[in-house]
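Written out below as structure tokens is the structure these notes cover.
Heavy atoms only: backbone and side chains are in, while hydrogens, waters and symmetry mates are out. For ligands, and for the atoms within them, numbers begin at 1 and follow the listed sequence. As the structure is a prediction and not an experimental result, all values here were calculated from the model.
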Amino acid sequence: MEKVAVAVLASGRGTNLQALLDAAARPDFPARIARVVTNRPGVGALERAERAGVPTAVVPSKGRAREDFERDLLDAVGPVDWVCLAGFMRVLTSTFLDRFPGRVLNIHPALLPSFPGTHGPGQALAHGVTQAGATVHFVDAGVDTGPIICQGSVPVLDDDTEDALAARILGLEHRLYPMALRQAVEGRIRVEGRRARVDLRPGEARWLVG
Ligand code: GRF
């Protein structure tokens, strides 16, 4: 089986990257992680990639014009088919996105469209919701606004802290992202307006409960 080449962009510790690396290491997974690019040096995501034998690059974003940064990012990403954002703390514009139309995915720690942007778990706590969760979605030029592929929910407990809730959500993220990537690279997701339709296989769901 010829695997589809995927680049992962990250900014931090890289546990979602790890979930994708672990999935991609299985012979029957249709994608391989061809490259990991971060905008910060010394982050955990780089270590994880190196341990898995995946080529890495660092493209610093700090103090740079967005367009220059994104052009360098495109060079670093190289000729891959899909791009996964995994804790990548920069908003991408058409400079980058136009190279991968409909082929950039993101994972967000909230039940979108609630609580886009940063601190999803903290916002969920502050709003007093009873369920929080995670979303895998296509990336468009907005902040966490693209068509939703799958979501998962966890309860919000009375004595939750932001960290405890974020950790509960993270466990779910690691199940959601590899599933969505498989569906995406197998061409089983169709976007109609702002809705994604997924051709599900046995054992898959668009909604997980953690
Ligand atoms: C995750 O919560 C992800 O949803 C968000 O940033 C965090 C990244 O965590 N976009 P990690 O670096 O994958 O561990």
Side-chain angles (χ1 to χ4, degrees), residues 6-25 31 33 35-52 54 56-61 73 82-92 96-97 104-127 129 131-156 160-181 184 206-210:
V6 175
V8 179
L9 307 188
S11 300
R13 66 194 163 177
T15 68
N16 277 290
L17 164 66
Q18 190 67 53
L20 297 175
L21 288 168
D22 292 348
I33 309 305
R35 172 126 336 188
V36 170
V37 183
T38 73
N39 61 326
R40 292 186 188 142
V43 293
L46 291 168
E47 258 172 57
R48 291 175 191 275
E50 279 154 22
R51 221 180 298 139
V54 173
T56 60
V58 179
V59 180
S61 54
L73 202 56
W82 286 79
V83 176
C84 286
L85 311 186
F88 186 63
M89 301 303 285
R90 298 284 300 196
V91 175
L92 293 170
F96 185 91
L97 295 174
V104 182
L105 307 182
N106 182 42
I107 186 146
H108 179 73
L111 291 172
L112 294 171
S114 293
F115 315 137
T118 52
H119 302 295
Q123 290 188 62
L125 274 184
H127 280 77
V129 295
Q131 287 187 82
T135 304
V136 182
H137 64 95
F138 287 101
V139 175
D140 62 15
V143 176
D144 304 321
T145 49
I148 289 169
I149 299 169
C150 56
Q151 296 186 297
S153 69
V154 297
V156 179
D160 259 342
T161 59
E162 185 172 345
D163 284 351
L165 180 57
R168 197 172 309 121
I169 293 171
L170 196 63
L172 203 54
E173 294 182 36
H174 299 159
R175 292 163 58 201
L176 288 166
Y177 215 174
M179 179 176 72
L181 178 59
R206 294 192 64 191
W207 179 258
L208 299 185
V209 177

Per-ligand residue contacts, ligand 1, heavy-atom threshold under 4.0 Å: Arg13, Gly14, Thr15, Asn16, Gly87, Ile107, His108, Pro109, Glu173
Contact summary for Ala19 and Pro178, nearest pair of heavy atoms: O-CG, 3.8 Å
Residue of the set Asn16, Leu181, Leu20, Leu170 for which side-chain contact (heavy atoms from CB on, under 4.5 Å) holds with Ile107: Asn16
Ring geometry between Phe138 and Trp82 (parallel below 30°, tilted from 30 to 60°, perpendicular above 60°): tilted
Over all atoms of both residues, closest heavy-atom pair of Leu176 and Cys150: CD2-SG, 3.8 Å
Partner set under salt bridge (Lys or Arg N to Asp or Glu O under 4.0 Å) for Asp160, not counting sequence neighbours: Arg168
Contact check, side chains of Tyr177 and Val8, non-hydrogen atoms, under 4.5 Å: no
